[in-house]
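A quick write-up on the structure given underneath.
Keep in mind that the numbers below use all heavy atoms, side chains included, and drop hydrogens, waters and symmetry copies. Chain letters run A, B, ... following the sequence lines, proteins first and then strands; every chain starts at 1.
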Amino acid sequence: MNQFIRRGMLPMQGGVLSHRLFASLPPLTPSPLPSRREAHLWYVVPDELKDASQLKKYMELLSSCERERVLSMNGERLQKGALLSRALVRTTLARYCRVNPQSIKFKTSKFGKPEIMWQHGDQCNQPSLQFNVSHSSSLIACGITVDVPIGIDVEEKQRKTMSSISSLARRYFSPSEVEYLGSFSNTDARQKEFIKLWTLKEAYVKALGRGFSGAPFKDFTIRLEATKAMQLAAVPRVHIEADSDPEYLTDNWEFALFELSSSHYAAVCMERDISHSGRENEPLRLKVWKTIPFVEDEFVSGTNAVKYICGLS
Amino acid sequence: MANVSATSIRLGSPFTPMSYTKAGRTSPILSLGTTKAAFPSLRLSRFRVYCAAKPETVKKVMEIVKKQLALSDDVALTPESKLSVLGADSLDTVEIVMGLEEEFGISVEEDNSQNITTVQEAADLIEKLVQKKSEAAN
């Protein structure tokens, strides 16, 4: 990829040249905004994207800062992942805002969570879009909500850890979770449950937006339980451990856990909508698209690409 | 570039910052002129000490990082290497921290582990924690 993306060859930000280059890209299919109780997820599979000229076009969407970061990654594979991650965020947001993906500006919250920096006169700041990105080495996903914070995490189902599951759990998970994992005698099953729990916990921490130290994994438990309405499906619920500081750890969140693209576990966490009473126990609604930005979009909810595990309606 | 911080240790006496000779001359940096006491490690906590971790510590950290991230031998791993640039995600980072804890017999708090972004930072934190641990034991 580097042979096509030498720094000297990149167009300047703004100006006639970049406008002409951008105009050569087909428009992104605009998308209707998610409803208040809905999350949208767009994902890309890097291995399916081999067209170097397409990658070059994505590079042109990035800010110079983002390009620097992409190029600083160690090796082509990591650079490609970093590039697609930024391109996915920009193009996904552009679908909902109907703006040039290159024009979106970002900032980080005081806790380091990436956010959109709305410019004066942006059509998109009412209602406000929230987003969160996650990537494994083989899949990159971007979750979108309106108004409510969102956190997502994706992880390869087969991800093997260097340390044992039980030592990792003992070190990082809550006592209830350690006990839950210990109940699986089959190591393969235990490894899978660990990954599922990991993605749920990561998604929660990312939704909270306070960083890993703001919500230490040990201080909260994620449990599956039947809803009050006795629905067939169990929903993951977050329980705050008694001796932790409840101020930052809130339990007003809903989760969805599913298999994505047959290869990954994915967790989505969004703030619960308490404005409509009686609907608190309704599971999260989720819509998923697989994309190669500017090339192909595929709505995959309801297909084998999205296999619900718990928490989804 | 040579790691300058490894060779300069700045100390100030608790009474006068940095310089403690009369005639306006500044003492050479490593002078312990006002005190006969040797370099007691407990007293270091009252001074601002700035020194980098021992090379052996850095080397061990690099070994653990290399193993966790399955880096090939031709990857240019330096103390300044950023973990994120090497491809570490959050699960890699917690595994690295746990590996360092086991290797060095220390315990890393969550907010400290978030500040580890490079090999050097990990090594510096380890040495700080190892030192704290030995002080607590004395």
Interface residues of residues 81-89 of chain B facing chain A - heavy atom cut-off under 4.5 Å: S84(B), V85(B), L86(B), G87(B), D89(B)

Residues of residues 60-72 of chain B under 4.5 Å from chain A (heavy atom pairs)?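 From residues 60-72 of chain B, the residues near chain A are K67(B), Q68(B).
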
For [X] and [Y], work out which heavy atoms get closest and say how close.
X: M98(B); Y: S167(A); value: CE-OG, 3.5 Å
X: Y172(A); Y: V94(B); value: OH-O, 2.9 Å
X: R171(A); Y: V108(B); value: NH2-O, 3.0 Å

With sequence neighbours left out, the residues meeting salt bridge (charged side-chain N to carboxylate O under 4.0 Å, His left out) with E259(A) are K157(A)

Could you pull out all residues at least two apart from E121(B) that satisfy salt bridge (charged side-chain N to carboxylate O under 4.0 Å, His left out)? none

Taking atom NZ as the centre, does K160(A) end up with more than 12 heavy-atom neighbours from other residues, nucleotides or ligands that are less than 6.0 angstrom away?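 More than 12 within 6.0 Å, yes.
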
Separation between CG of L91(B) and CZ of R159(A), rounded to the nearest 0.5 Å: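 Those atoms lie 4.0 Å apart.
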
Tell me, side chain or backbone of L78(A) under 4.5 Å from chain B's heavy atoms, or both, or neither?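 Contact with chain B is through the side chain of L78(A) alone.
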
Tell me, for E109(B) versus chain A, whether the close heavy atoms (under 4.5 Å) come from the side chain, the backbone, both or neither.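 Neither part.
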
Contacting moiety of D92(B), where chain A heavy atoms sit under 4.5 Å: both

